[in-house]
Number of protein chains: 2
Amino acid sequence: MQVYAALRDAIVRAELAPGQKLSENELAGQLGVSRTPVREAIARLREDRLVEVVPQLGTFVARISTQAVADAQFIREALECAAIRRAAERCGEDDVNALEENLRAQERARDASDFDAFYVLDDAFHQTLCNLSGHPTVWSISQRAKGHLNRVRRLSLPIGDYLTSMVDEHRAVTAAVARHDADEAELALRYHLRMVLREVPRIRSQHPDFFDEA
Amino acid sequence: MQVYAALRDAIVRAELAPGQKLSENELAGQLGVSRTPVREAIARLREDRLVEVVPQLGTFVARISTQAVADAQFIREALECAAIRRAAERCGEDDVNALEENLRAQERARDASDFDAFYVLDDAFHQTLCNLSGHPTVWSISQRAKGHLNRVRRLSLPIGDYLTSMVDEHRAVTAAVARHDADEAELALRYHLRMVLREVPRIRSQHPDFFDEA
DNA sequence: GCCGCGATACTTGTATGCAAGTATCCGAGC
DNA sequence: GCTCGGATACTTGCATACAAGTATCGCGGC
């Protein structure tokens, strides 16, 4: 399990380059465990489509597939937008306070240009919204799909006011939820979620060898 | 992999009763393989929340959790309703023909009261719709979530005109898709998907020991 | 008769050994 | 120099052996 998290993180952060060959034995040695837990982790990563395993040949870090990225975006959008409608209907005062406290932390991370801290808060923000729907399972699925999106996001150095616009969008989402305005909350979230995707073509032109199709 | 399908099917069909203890050794013996592939299958089933594994103690067929059923319904609804909107926008003449051919097969199964055949066609119908969205991954996730729904469906002997109403609803969905009417298609599908859930309270009162909470 | 304690038989988790298959590299033949 | 063939070293997939831990059953003491 810990092995899975470590490998997944390494892949998403592009420390393991797309296309790179992974040896179960080598990974086992590096991580100080046996092949068995490594195999278990690789099985899960294969379900996430983050690695491809060719029998009797090898396992490889999956190249970034624009199709997989689009699928992930579609799935995340469908799930989180459905969830936020419920969240807007169900949320109470305490829930809104928790969201706004997170927002203030985001602003601090923004002012400090602390991207790592921001990503953690960003995850927590979206998870809170998913959980407010009453269906916490939604977050686990959305998070797994998000791996593909984070992978392209990690490749792109965020530009100047990136964090500023992220926080602003989060704030718009929160405001709509607080107003119990499901329609507006969904719209604001959908707009926000599509931010990431806009960067894909640029990133692809910068790292063509990381991508799959021609 | 085949082990996973066999075990999953046995659980969904309630051949393995909820709460029943599963022995990796015993399953390995029954299936004629070693513990390794059995463990692999159990790991996937755990992700599906169809089994619960307590370390150093045992793995058990998960009892039917009304929360898990509600989560599955929510996820399936969110994904398939989002998918059908795209399907309605994108589908062509050939796609509609394929759907209608499936519908005619459904009618034959209905007239023969062949439930097994109908379930196969039902799956194919929904998969086709998901694929028409251009995001085939959606089906794989929806299908995995659907395990929880099928489990309660299997427990309930379908009543008289069950297949009739199912076919009618499928036909309404198809008609809206053929008209490229995304709104109506979504509405029709959402209504259809909520059919199953209506049965849960009745089933739960009939098989209280299969369920989780009080 | 009842309670407490210890041995036992089971469980999952991990490590390792074996089997089957593929790509590669090196040498022989042309 | 080029091509073809065989041995080798690697891979994953499966089976098995070991380690650590928990519930249960039975026996001894009260």
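Throughout, a chain's letter reflects where its sequence line sits, starting with A, and its residues are numbered from 1. Only this structure's heavy atoms are used, side chains among them; waters, hydrogens and symmetry mates stay out.
- Using a 30° and 60° split on the angle between ring planes, B/His135 and A/Phe74 fall in the parallel class, below 30°.
- Across all strands, B/Ile42 comes closer than 4.0 Å to no nucleic acid atom at all (heavy-atom distances).
- Atom CD of B/Glu40 and atom C1' of C/dG13 are 15 Å apart (whole Å).
- Atom C1' of nucleotide D/dC18 and atom CG of B/Asn25 are separated by 13 Å, given to the nearest angstrom.
- Atoms CD (A/Glu52) and C1' (D/dT11) sit 16 Å apart, rounded to a whole Å.
- Within the structure, a side-chain polar atom (N or O) of B/Ser23 is placed less than 4.0 Å from OP1 or OP2 of C/dT11.
- Distance, B/Leu31 CG to D/dA15 C1': 15 Å, rounded to whole Å.
- Between the side chains of A/Asp48 and A/Tyr4, a donor-acceptor pair is found at a separation under 3.5 Å.
- To the nearest angstrom, P of C/dT14 lies 17 Å from OH of A/Tyr4.
- When the nearest nucleotides of DNA chain C are assigned to A/Leu57 and B/Glu26 by heavy-atom distance, the more 5′-ward of the two goes with B/Glu26.
- In this structure the side chain of B/His126 never reaches within 4.5 angstrom of the side chain of B/Ser142, judged on heavy atoms.
- Atom CZ of A/Phe60 is separated from atom P of D/dC10 by 16 Å (rounded to the nearest Å).
- Residue pairs meeting the salt bridge (charged side-chain N to carboxylate O under 4.0 Å, His left out) criterion with at least one partner in residues 95-109 of chain A, sequence neighbours excluded, are A/Glu107-A/Arg171.
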Between protein and nucleic acid, restricted to nucleotides 15-20 of chain C and to nitrogen or oxygen atoms under 3.5 Å apart, what atom pairs and distances do you find?
from   : atom 1 : to      : atom 2 : distance (Å)
C/dA15 : OP2    : A/Ser34 : N      : 2.7
C/dA15 : N7     : A/Thr36 : OG1    : 2.7

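- The closest side-chain donor-acceptor pair between A/Asp122 and A/His170 falls under 3.5 angstrom.
- For the residue pair B/Gln127/B/Asp123, the side-chain donor-acceptor check at 3.5 Å is not satisfied.
- Atom CD of B/Gln2 and atom C1' of D/dG13 are 15 Å apart (whole Å).
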Indicate every side-chain donor-acceptor pair of residues 55-64 of chain A with a distance under 3.5 Å to a residue at least two apart or in another chain.
from    : atom 1 : to       : atom 2 : distance (Å)
A/Thr59 : OG1    : A/Leu22  : O      : 3.2
A/Arg63 : NE     : A/Asp209 : O      : 3.3

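- One interatomic measurement links the two molecules: CG of B/Leu27 to P of C/dT11, which rounds to 10 Å at whole-angstrom precision.
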